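Owing to the predicted nature of the structure, the values given are computational and were not obtained by experimental measurement. Whatever order the structure lists them in is the order used to number ligands and atoms, beginning at 1.
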Amino acid sequence: MLGGIEAGGTKFVLAVGPSPDAISARHTIPTRDPATTLAEAAAWFAEQGDITALGIGSFGPVELDASSPRWGFITNTPKPGWADCDIAGFFAGRLGVPVGFDTDVNAAALAEYAAAGGQGGSLAYLTIGTGIGGGLVLNGQPVHGIAHPEMGHIYPRRHADDRDFAGICPHHGDCLEGLASGPAIAARWGASLSQLPADHPGHAIIADTIAQACHILFASVAVAEVVIGGGVANTPGLVERVAERARALDAGYLPGGPRHRIIRPRHGENAGIIGALMLAAGVSA
Ligand code: ZN
């Protein structure tokens, strides 16, 4: 039996199952302070019987360097109380099992890559919600550099009808997250994208901004698919609009042509937790 945790800023999703695609029990708890949240999660796993390994896909930033003494930590997050939290070490100690650890978005990318049958050897997963994050699988492996990618903080070219908005990222202003996250949309137009009328210019502005991120992924690392999840991505028609805009931005140049695709998650809301169970399978004896 494998255990998985999708550790998010607002909720933790917990699951156990004999394999990543066979979840036998799952449970969701709110993310409170670390001591309360981690203890509650550990207690739930203890009730599920023995597991052989645990996988954690976590909000970040996190330390992924296996040679670092801080491997498995949530590091300098602004989320109150969570900075320098040894989340992997806590569960390794409590549950006495090996722990696989990666970002929440790399976990989701792994799950979507497997669901796609490994086509093209590559896949990127973008989550567009309260923030914007991206995970990347290349040659079947999640990508870490000296740290993990932070795709939400690239700078897109500004849409011609959106030049006046300064953006809301506290670090960069008008980076991708500063322009296209849920709070950025609300700051501009006082509503979520799905609440805006169908003819509102916000739809084209947000689609253009996200499409640029997809084009960067296609052009820089030639991923087969960009999978887009998260709350903003639930806006009806948005992902289709992004795909159409990305085709227009490329203008027929990329050699991958129509094999580059922008789609909704095959696993829907479950990509992250299934990916966490895959991380467990990767370290299970
Ligand atoms: Zn930023």
Validation row: L249, R157 side chains within 4.5 angstrom (heavy atoms):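 They are in side-chain contact.
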N, O or S atom within H172 nearest to the Zn ion (ligand 1), by name: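 It is ND1, the N, O or S atom of H172 closest to the Zn ion (ligand 1).
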Metal site the Zn ion (ligand 1): N/O/S of H153 inside 2.8 Å: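 A backbone or side-chain N, O or S atom of H153 is under 2.8 Å from the Zn ion (ligand 1).
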Side-chain donor-acceptor pair present, H148, D102, cut-off under 3.5 Å: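 Short answer, no.
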Parallel, tilted or perpendicular: ring planes of H172 versus Y155, cut at 30 and 60 degrees: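 Rings of H172 and Y155: perpendicular, as their planes differ by over 60°.
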Candidates I128, L193, L196 - the one meeting side chain to side chain contact (heavy atoms under 4.5 Å, CB included) with I206: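 With I206 as partner, side chain to side chain contact (heavy atoms under 4.5 Å, CB included) holds for just one option, L193.
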Angle, SG of C169 through the Zn ion (ligand 1) to SG of C175 - 10° precision: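 With the Zn ion (ligand 1) as the vertex, SG (C175) and SG (C169) sit 110° apart.
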